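All figures in this text were calculated on a predicted structure; none of them were measured in a lab. So you know, we letter chains A, B, ... as the sequences are listed, proteins then strands, and number each from 1.
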There are 2 protein chains.
Amino acid sequence: MSSLTKKADAFTALVLEVFQLNGLLLQAGDRLSAPAGLTSARWQVLGVIDHGPATVAAVARTMGLKRQSVQQTADALASDGFVEYVDNPHHQRAKCVSLTASGRRALRKVEQAHAAWADRMGASLAPGLLAAAVEGVREARLRLEKDLAPEERSHEG
Amino acid sequence: MSSLTKKADAFTALVLEVFQLNGLLLQAGDRLSAPAGLTSARWQVLGVIDHGPATVAAVARTMGLKRQSVQQTADALASDGFVEYVDNPHHQRAKCVSLTASGRRALRKVEQAHAAWADRMGASLAPGLLAAAVEGVREARLRLEKDLAPEERSHEG
DNA sequence: ATGACATGGACAGGAACCTGTCAATTCGAC
DNA sequence: GTCGAATTGACAGGTTCCTGTCCATGTCAT
(Lines give C-alpha, C1' and ligand atoms only; values in the text may rest on other atoms or scores of the structure.)
Protein backbone atom coordinates (compact mmCIF):
# COMPACT_ATOMS: atom_id res chain seq x y z
CA MET A 1 0.00 0.00 0.00
CA SER A 2 2.86 2.40 0.69
CA SER A 3 3.79 2.67 -2.97
CA LEU A 4 0.36 3.93 -4.01
CA THR A 5 -0.50 7.47 -4.98
CA LYS A 6 -3.09 9.42 -3.03
CA LYS A 7 -5.81 8.75 -5.56
CA ALA A 8 -4.94 5.09 -5.80
CA ASP A 9 -5.07 4.91 -2.03
CA ALA A 10 -8.50 6.51 -1.95
CA PHE A 11 -9.80 4.16 -4.61
CA THR A 12 -8.38 1.17 -2.76
CA ALA A 13 -10.16 2.35 0.36
CA LEU A 14 -13.41 2.43 -1.60
CA VAL A 15 -12.79 -1.11 -2.81
CA LEU A 16 -12.26 -2.43 0.70
CA GLU A 17 -15.35 -0.63 1.99
CA VAL A 18 -17.47 -1.98 -0.84
CA PHE A 19 -16.29 -5.53 -0.15
CA GLN A 20 -17.23 -5.23 3.49
CA LEU A 21 -20.54 -3.54 2.84
CA ASN A 22 -21.42 -6.13 0.22
CA GLY A 23 -20.87 -8.94 2.69
CA LEU A 24 -23.03 -7.24 5.30
CA LEU A 25 -25.76 -6.54 2.76
CA LEU A 26 -25.93 -10.19 1.79
CA GLN A 27 -26.22 -11.05 5.46
CA ALA A 28 -28.99 -8.47 5.91
CA GLY A 29 -30.81 -9.70 2.82
CA ASP A 30 -30.76 -13.26 4.05
CA ARG A 31 -32.06 -12.15 7.41
CA LEU A 32 -34.87 -10.17 5.78
CA SER A 33 -35.95 -13.02 3.57
CA ALA A 34 -35.44 -15.94 5.94
CA PRO A 35 -38.79 -15.51 7.75
CA ALA A 36 -40.53 -15.96 4.39
CA GLY A 37 -38.58 -19.12 3.63
CA LEU A 38 -36.32 -17.39 1.11
CA THR A 39 -32.72 -16.26 0.66
CA SER A 40 -31.29 -13.16 -1.01
CA ALA A 41 -30.80 -14.93 -4.33
CA ARG A 42 -34.29 -16.44 -4.37
CA TRP A 43 -35.94 -13.21 -3.33
CA GLN A 44 -34.21 -11.42 -6.21
CA VAL A 45 -35.55 -13.93 -8.71
CA LEU A 46 -39.09 -13.62 -7.37
CA GLY A 47 -38.76 -9.85 -7.59
CA VAL A 48 -37.84 -10.00 -11.25
CA ILE A 49 -40.81 -12.17 -12.23
CA ASP A 50 -43.22 -10.22 -10.04
CA HIS A 51 -44.21 -7.95 -12.91
CA GLY A 52 -44.79 -10.97 -15.14
CA PRO A 53 -43.48 -14.43 -16.06
CA ALA A 54 -40.14 -14.58 -17.84
CA THR A 55 -37.73 -17.20 -19.11
CA VAL A 56 -34.74 -18.17 -17.03
CA ALA A 57 -32.39 -16.57 -19.53
CA ALA A 58 -34.33 -13.30 -19.44
CA VAL A 59 -34.23 -13.23 -15.65
CA ALA A 60 -30.49 -13.85 -15.77
CA ARG A 61 -29.96 -10.93 -18.12
CA THR A 62 -32.01 -8.67 -15.87
CA MET A 63 -29.99 -9.68 -12.84
CA GLY A 64 -26.64 -9.58 -14.62
CA LEU A 65 -25.95 -13.24 -13.88
CA LYS A 66 -25.31 -16.33 -15.98
CA ARG A 67 -28.43 -18.18 -17.00
CA GLN A 68 -27.06 -21.40 -15.49
CA SER A 69 -26.92 -19.81 -12.04
CA VAL A 70 -30.47 -18.55 -12.28
CA GLN A 71 -31.59 -21.93 -13.60
CA GLN A 72 -30.40 -23.54 -10.37
CA THR A 73 -32.16 -20.97 -8.21
CA ALA A 74 -35.34 -21.23 -10.29
CA ASP A 75 -35.34 -25.03 -10.04
CA ALA A 76 -34.94 -24.78 -6.26
CA LEU A 77 -37.79 -22.25 -6.09
CA ALA A 78 -39.95 -24.52 -8.22
CA SER A 79 -39.29 -27.55 -6.06
CA ASP A 80 -40.29 -25.45 -3.04
CA GLY A 81 -43.48 -24.35 -4.76
CA PHE A 82 -42.68 -20.65 -4.99
CA VAL A 83 -42.64 -20.62 -8.78
CA GLU A 84 -43.84 -22.87 -11.58
CA TYR A 85 -42.82 -23.32 -15.20
CA VAL A 86 -45.58 -22.33 -17.59
CA ASP A 87 -45.71 -22.76 -21.35
CA ASN A 88 -44.21 -20.02 -23.45
CA PRO A 89 -46.28 -19.16 -26.52
CA HIS A 90 -43.15 -17.83 -28.25
CA HIS A 91 -40.87 -20.77 -27.62
CA GLN A 92 -41.43 -24.49 -27.36
CA ARG A 93 -38.61 -25.42 -25.00
CA ALA A 94 -38.03 -22.15 -23.15
CA LYS A 95 -40.78 -22.19 -20.54
CA CYS A 96 -41.56 -19.14 -18.46
CA VAL A 97 -40.97 -18.93 -14.73
CA SER A 98 -44.13 -17.73 -13.01
CA LEU A 99 -44.99 -16.86 -9.41
CA THR A 100 -47.34 -19.22 -7.58
CA ALA A 101 -49.73 -17.94 -4.92
CA SER A 102 -47.27 -19.14 -2.31
CA GLY A 103 -44.41 -17.35 -4.04
CA ARG A 104 -46.37 -14.13 -4.23
CA ARG A 105 -47.21 -14.35 -0.54
CA ALA A 106 -43.56 -14.88 0.36
CA LEU A 107 -42.46 -12.01 -1.87
CA ARG A 108 -44.96 -9.60 -0.32
CA LYS A 109 -43.77 -10.57 3.11
CA VAL A 110 -40.11 -9.95 2.26
CA GLU A 111 -40.98 -6.67 0.56
CA GLN A 112 -42.63 -5.41 3.70
CA ALA A 113 -39.61 -6.32 5.80
CA HIS A 114 -37.33 -4.75 3.20
CA ALA A 115 -39.31 -1.51 3.15
CA ALA A 116 -39.04 -1.14 6.91
CA TRP A 117 -35.35 -1.96 6.88
CA ALA A 118 -34.47 0.35 3.98
CA ASP A 119 -36.41 3.14 5.60
CA ARG A 120 -34.59 2.65 8.88
CA MET A 121 -31.17 2.47 7.21
CA GLY A 122 -31.85 5.35 4.84
CA ALA A 123 -33.01 7.54 7.69
CA SER A 124 -29.90 6.80 9.74
CA LEU A 125 -27.66 8.42 7.15
CA ALA A 126 -27.39 12.11 6.36
CA PRO A 127 -29.31 12.66 3.10
CA GLY A 128 -26.42 14.43 1.43
CA LEU A 129 -24.01 11.71 2.37
CA LEU A 130 -26.32 9.02 1.07
CA ALA A 131 -26.82 10.80 -2.22
CA ALA A 132 -23.09 11.38 -2.59
CA ALA A 133 -22.38 7.74 -1.88
CA VAL A 134 -24.83 6.59 -4.52
CA GLU A 135 -23.38 8.96 -7.07
CA GLY A 136 -19.79 8.10 -6.24
CA VAL A 137 -20.35 4.38 -6.34
CA ARG A 138 -22.27 4.66 -9.59
CA GLU A 139 -19.48 6.68 -11.16
CA ALA A 140 -16.92 4.14 -10.01
CA ARG A 141 -19.05 1.34 -11.41
CA LEU A 142 -19.37 3.07 -14.77
CA ARG A 143 -15.63 3.67 -15.01
CA LEU A 144 -14.92 0.10 -14.03
CA GLU A 145 -17.38 -1.21 -16.60
CA LYS A 146 -15.54 0.73 -19.26
CA ASP A 147 -12.20 -0.39 -17.91
CA LEU A 148 -13.28 -4.01 -17.97
CA ALA A 149 -15.15 -3.92 -21.26
CA PRO A 150 -12.36 -3.97 -23.86
CA GLU A 151 -11.07 -7.39 -22.89
CA GLU A 152 -14.38 -9.22 -22.47
CA ARG A 153 -14.53 -11.64 -25.35
CA SER A 154 -17.05 -14.25 -24.31
CA HIS A 155 -20.09 -15.31 -26.32
CA GLU A 156 -21.71 -16.16 -22.98
CA GLY A 157 -21.72 -13.13 -20.84
CA MET B 1 -40.22 -0.12 -4.97
CA SER B 2 -43.21 2.21 -5.28
CA SER B 3 -44.16 1.88 -1.61
CA LEU B 4 -40.77 3.05 -0.38
CA THR B 5 -40.03 6.43 1.12
CA LYS B 6 -37.51 8.74 -0.49
CA LYS B 7 -34.76 7.76 1.91
CA ALA B 8 -35.53 4.09 1.62
CA ASP B 9 -35.40 4.48 -2.15
CA ALA B 10 -32.01 6.17 -1.98
CA PHE B 11 -30.66 3.48 0.28
CA THR B 12 -31.98 0.76 -2.00
CA ALA B 13 -30.24 2.45 -4.90
CA LEU B 14 -26.99 2.34 -2.94
CA VAL B 15 -27.50 -1.36 -2.28
CA LEU B 16 -28.01 -2.15 -5.96
CA GLU B 17 -24.98 -0.07 -6.94
CA VAL B 18 -22.81 -1.79 -4.35
CA PHE B 19 -23.88 -5.23 -5.56
CA GLN B 20 -22.96 -4.34 -9.10
CA LEU B 21 -19.70 -2.69 -8.21
CA ASN B 22 -18.74 -5.61 -6.01
CA GLY B 23 -19.21 -8.03 -8.88
CA LEU B 24 -17.11 -5.89 -11.20
CA LEU B 25 -14.39 -5.51 -8.58
CA LEU B 26 -14.11 -9.26 -8.18
CA GLN B 27 -13.81 -9.53 -11.92
CA ALA B 28 -11.14 -6.85 -11.98
CA GLY B 29 -9.27 -8.50 -9.13
CA ASP B 30 -9.23 -11.83 -10.89
CA ARG B 31 -7.96 -10.17 -14.01
CA LEU B 32 -5.22 -8.39 -12.11
CA SER B 33 -4.06 -11.51 -10.33
CA ALA B 34 -4.47 -14.07 -13.11
CA PRO B 35 -1.12 -13.29 -14.80
CA ALA B 36 0.61 -14.17 -11.53
CA GLY B 37 -1.27 -17.47 -11.28
CA LEU B 38 -3.58 -16.19 -8.54
CA THR B 39 -7.20 -15.23 -7.97
CA SER B 40 -8.74 -12.46 -5.87
CA ALA B 41 -9.20 -14.72 -2.85
CA ARG B 42 -5.64 -16.11 -3.01
CA TRP B 43 -4.09 -12.71 -3.53
CA GLN B 44 -5.92 -11.42 -0.45
CA VAL B 45 -4.52 -14.23 1.69
CA LEU B 46 -0.99 -13.63 0.43
CA GLY B 47 -1.42 -9.94 1.20
CA VAL B 48 -2.35 -10.64 4.79
CA ILE B 49 0.67 -12.86 5.47
CA ASP B 50 3.03 -10.54 3.61
CA HIS B 51 3.94 -8.66 6.78
CA GLY B 52 4.60 -11.94 8.57
CA PRO B 53 3.39 -15.55 8.94
CA ALA B 54 0.04 -16.05 10.67
CA THR B 55 -2.29 -18.90 11.51
CA VAL B 56 -5.26 -19.66 9.30
CA ALA B 57 -7.65 -18.48 12.01
CA ALA B 58 -5.81 -15.19 12.38
CA VAL B 59 -5.90 -14.59 8.63
CA ALA B 60 -9.62 -15.33 8.64
CA ARG B 61 -10.25 -12.78 11.38
CA THR B 62 -8.26 -10.17 9.51
CA MET B 63 -10.22 -10.79 6.33
CA GLY B 64 -13.59 -11.04 8.07
CA LEU B 65 -14.16 -14.57 6.81
CA LYS B 66 -14.70 -17.95 8.44
CA ARG B 67 -11.54 -19.83 9.20
CA GLN B 68 -12.81 -22.85 7.26
CA SER B 69 -13.01 -20.78 4.07
CA VAL B 70 -9.50 -19.47 4.50
CA GLN B 71 -8.29 -22.97 5.31
CA GLN B 72 -9.42 -24.10 1.87
CA THR B 73 -7.71 -21.20 0.13
CA ALA B 74 -4.54 -21.68 2.18
CA ASP B 75 -4.42 -25.40 1.40
CA ALA B 76 -4.81 -24.62 -2.29
CA LEU B 77 -2.04 -22.03 -2.08
CA ALA B 78 0.18 -24.52 -0.29
CA SER B 79 -0.37 -27.21 -2.88
CA ASP B 80 0.58 -24.68 -5.55
CA GLY B 81 3.73 -23.76 -3.65
CA PHE B 82 2.81 -20.14 -2.91
CA VAL B 83 2.75 -20.66 0.86
CA GLU B 84 4.01 -23.26 3.30
CA TYR B 85 2.98 -24.25 6.81
CA VAL B 86 5.71 -23.54 9.35
CA ASP B 87 5.84 -24.47 13.01
CA ASN B 88 4.24 -22.07 15.47
CA PRO B 89 6.28 -21.58 18.65
CA HIS B 90 3.10 -20.56 20.50
CA HIS B 91 0.89 -23.45 19.45
CA GLN B 92 1.57 -27.10 18.77
CA ARG B 93 -1.21 -27.79 16.28
CA ALA B 94 -1.87 -24.33 14.86
CA LYS B 95 0.89 -23.93 12.27
CA CYS B 96 1.60 -20.61 10.63
CA VAL B 97 1.01 -19.89 6.97
CA SER B 98 4.15 -18.37 5.47
CA LEU B 99 4.99 -16.97 2.04
CA THR B 100 7.42 -18.97 -0.09
CA ALA B 101 9.80 -17.27 -2.50
CA SER B 102 7.39 -18.13 -5.29
CA GLY B 103 4.48 -16.69 -3.34
CA ARG B 104 6.35 -13.48 -2.67
CA ARG B 105 7.21 -13.15 -6.34
CA ALA B 106 3.58 -13.64 -7.34
CA LEU B 107 2.39 -11.15 -4.73
CA ARG B 108 4.83 -8.47 -5.89
CA LYS B 109 3.69 -8.96 -9.45
CA VAL B 110 0.03 -8.55 -8.53
CA GLU B 111 0.78 -5.54 -6.37
CA GLN B 112 2.42 -3.79 -9.28
CA ALA B 113 -0.56 -4.45 -11.50
CA HIS B 114 -2.89 -3.35 -8.72
CA ALA B 115 -1.00 -0.10 -8.18
CA ALA B 116 -1.28 0.82 -11.83
CA TRP B 117 -4.94 -0.08 -11.94
CA ALA B 118 -5.90 1.74 -8.72
CA ASP B 119 -4.02 4.79 -9.92
CA ARG B 120 -5.83 4.76 -13.23
CA MET B 121 -9.25 4.23 -11.60
CA GLY B 122 -8.65 6.72 -8.83
CA ALA B 123 -7.56 9.37 -11.31
CA SER B 124 -10.65 8.86 -13.46
CA LEU B 125 -12.94 9.99 -10.65
CA ALA B 126 -13.31 13.51 -9.29
CA PRO B 127 -11.40 13.61 -6.00
CA GLY B 128 -14.34 15.01 -4.07
CA LEU B 129 -16.68 12.40 -5.44
CA LEU B 130 -14.29 9.61 -4.57
CA ALA B 131 -13.84 10.89 -1.02
CA ALA B 132 -17.59 11.28 -0.59
CA ALA B 133 -18.19 7.76 -1.86
CA VAL B 134 -15.69 6.32 0.60
CA GLU B 135 -17.21 8.22 3.48
CA GLY B 136 -20.77 7.40 2.52
CA VAL B 137 -20.11 3.72 2.05
CA ARG B 138 -18.18 3.56 5.31
CA GLU B 139 -21.04 5.25 7.17
CA ALA B 140 -23.52 2.84 5.63
CA ARG B 141 -21.31 -0.08 6.61
CA LEU B 142 -21.03 1.14 10.20
CA ARG B 143 -24.80 1.58 10.52
CA LEU B 144 -25.39 -1.81 9.00
CA GLU B 145 -22.88 -3.42 11.34
CA LYS B 146 -24.77 -1.96 14.27
CA ASP B 147 -28.09 -2.96 12.75
CA LEU B 148 -26.91 -6.50 12.27
CA ALA B 149 -25.05 -6.86 15.55
CA PRO B 150 -27.84 -7.33 18.10
CA GLU B 151 -29.09 -10.58 16.61
CA GLU B 152 -25.76 -12.27 15.94
CA ARG B 153 -25.64 -15.10 18.42
CA SER B 154 -23.05 -17.48 17.01
CA HIS B 155 -20.00 -18.78 18.84
CA GLU B 156 -18.33 -18.97 15.42
CA GLY B 157 -18.47 -15.64 13.79
C1' DA C 1 -36.24 -24.26 -47.98
C1' DT C 2 -32.01 -24.37 -46.33
C1' DG C 3 -28.06 -23.30 -43.78
C1' DA C 4 -25.67 -19.99 -40.52
C1' DC C 5 -26.11 -18.01 -36.26
C1' DA C 6 -27.99 -16.56 -31.86
C1' DT C 7 -30.71 -18.09 -28.07
C1' DG C 8 -32.10 -21.32 -24.54
C1' DG C 9 -32.22 -25.59 -21.49
C1' DA C 10 -29.52 -29.26 -19.46
C1' DC C 11 -25.63 -31.25 -17.39
C1' DA C 12 -20.84 -31.55 -15.51
C1' DG C 13 -17.42 -29.63 -12.79
C1' DG C 14 -15.13 -25.95 -10.09
C1' DA C 15 -14.38 -21.70 -6.95
C1' DA C 16 -15.29 -19.40 -2.84
C1' DC C 17 -17.97 -18.71 0.60
C1' DC C 18 -21.08 -20.66 4.37
C1' DT C 19 -22.80 -23.84 8.62
C1' DG C 20 -22.19 -27.60 11.83
C1' DT C 21 -19.48 -30.79 14.33
C1' DC C 22 -15.47 -33.12 16.40
C1' DA C 23 -11.15 -33.66 18.83
C1' DA C 24 -6.80 -31.50 20.19
C1' DT C 25 -4.72 -27.75 22.36
C1' DT C 26 -4.19 -23.56 25.02
C1' DC C 27 -5.59 -20.42 28.61
C1' DG C 28 -7.76 -18.53 32.62
C1' DA C 29 -10.18 -18.99 37.11
C1' DC C 30 -9.90 -21.23 41.09
C1' DG D 1 -2.67 -28.55 39.48
C1' DT D 2 -7.20 -29.03 37.52
C1' DC D 3 -11.39 -28.10 35.24
C1' DG D 4 -14.12 -25.42 31.97
C1' DA D 5 -14.10 -22.09 28.25
C1' DA D 6 -12.16 -20.51 24.13
C1' DT D 7 -9.38 -21.41 20.16
C1' DT D 8 -7.85 -24.18 16.39
C1' DG D 9 -7.56 -27.65 12.67
C1' DA D 10 -10.04 -31.08 10.17
C1' DC D 11 -13.83 -32.92 7.86
C1' DA D 12 -18.62 -33.15 5.91
C1' DG D 13 -22.08 -30.96 3.46
C1' DG D 14 -24.58 -26.98 1.37
C1' DT D 15 -25.36 -22.40 -1.39
C1' DT D 16 -24.53 -19.39 -5.01
C1' DC D 17 -22.01 -18.12 -8.33
C1' DC D 18 -18.85 -19.39 -12.32
C1' DT D 19 -17.02 -21.85 -16.98
C1' DG D 20 -17.50 -25.15 -20.62
C1' DT D 21 -20.08 -28.15 -23.47
C1' DC D 22 -23.93 -30.29 -25.90
C1' DC D 23 -28.10 -30.22 -28.30
C1' DA D 24 -32.79 -28.26 -29.40
C1' DT D 25 -35.19 -24.35 -31.02
C1' DG D 26 -36.03 -19.96 -33.23
C1' DT D 27 -34.55 -16.35 -36.73
C1' DC D 28 -32.94 -14.51 -40.72
C1' DA D 29 -30.42 -14.03 -45.19
C1' DT D 30 -30.11 -16.09 -49.33
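Across the protein-nucleic acid pair, A:Lys66 atom NZ and C:dA10 atom P stand 19 Å apart, rounded to whole Å. Atom-to-atom, CZ of A:Phe19 to C1' of C:dC17 comes out at 14 Å; the value is rounded to the nearest Å. Taking atom CZ of residue B:Arg67 and atom P of nucleotide C:dG20, one finds them 12 Å apart after rounding to whole Å. Whole-Å rounding puts the A:Arg61 CZ to C:dT7 P distance at 8 Å. Look at CZ on A:Arg93: it is 15 Å from P on D:dC22, rounded to the nearest Å. As a whole-Å value, the separation of A:His90 NE2 from D:dA24 P is 24 Å. At whole-Å resolution of the value, CG in B:Asp30 and P in C:dA15 are 12 Å apart. Atom CG of A:Leu24 and atom C1' of C:dC18 are 15 Å apart (whole Å).
If you check every strand for non-hydrogen atoms under 4.0 Å, B:Thr55 touches sugar and phosphate atoms only. Looking at heavy-atom distances under 4.0 Å, A:Thr39 makes contact with sugar-phosphate atoms alone, never a base.
With contacts defined as side-chain heavy-atom distances shorter than 4.5 Å, the pair A:Arg138/A:Val134 qualifies.
A side-chain donor-acceptor contact under 3.5 Å links B:Thr100 to the backbone of B:Gly81.
In this structure, the separation between OG1 on B:Thr73 and CG on B:Leu38 is 11.5 Å, given to the nearest 0.5 Å.
For B:Glu111 and B:Arg108, the salt-bridge test passes: some basic side-chain N is under 4.0 Å from an acidic carboxylate O.
Neither OP1 nor OP2 of C:dG9 sits under 4.0 Å from any side-chain N or O of A:Lys95. Checking the phosphate oxygens (OP1, OP2) of D:dT16, no side-chain nitrogen or oxygen of A:Ser69 falls inside 4.0 Å. The side chain of A:Arg42 contributes an N or O atom lying less than 4.0 Å from OP1 or OP2 of D:dT16. When the side-chain nitrogen and oxygen atoms of B:Thr73 are compared with OP1 and OP2 of C:dA16, none of them lie within a distance under 4.0 Å.
When distances are taken from the side chain of B:Gln71 to each of C:dT26, D:dG9, D:dT25, the shortest belongs to D:dG9.
Looking at B:Gln68, its side chain comes within 3.5 Å of the base of C:dG20 through a donor and an acceptor atom.
Taking for each of A:Gln72 and A:Gln92 the nucleotide of DNA chain D with the nearest heavy atom, the 5'-most of the two is the partner of A:Gln72. When each of B:Gly64 and A:Ala94 is assigned the nucleotide of DNA chain C bearing its nearest heavy atom, the one mapping closer to the 5' terminus is A:Ala94.
A:Thr39 and A:Asp30 share no side-chain donor-acceptor pair at under 3.5 Å.
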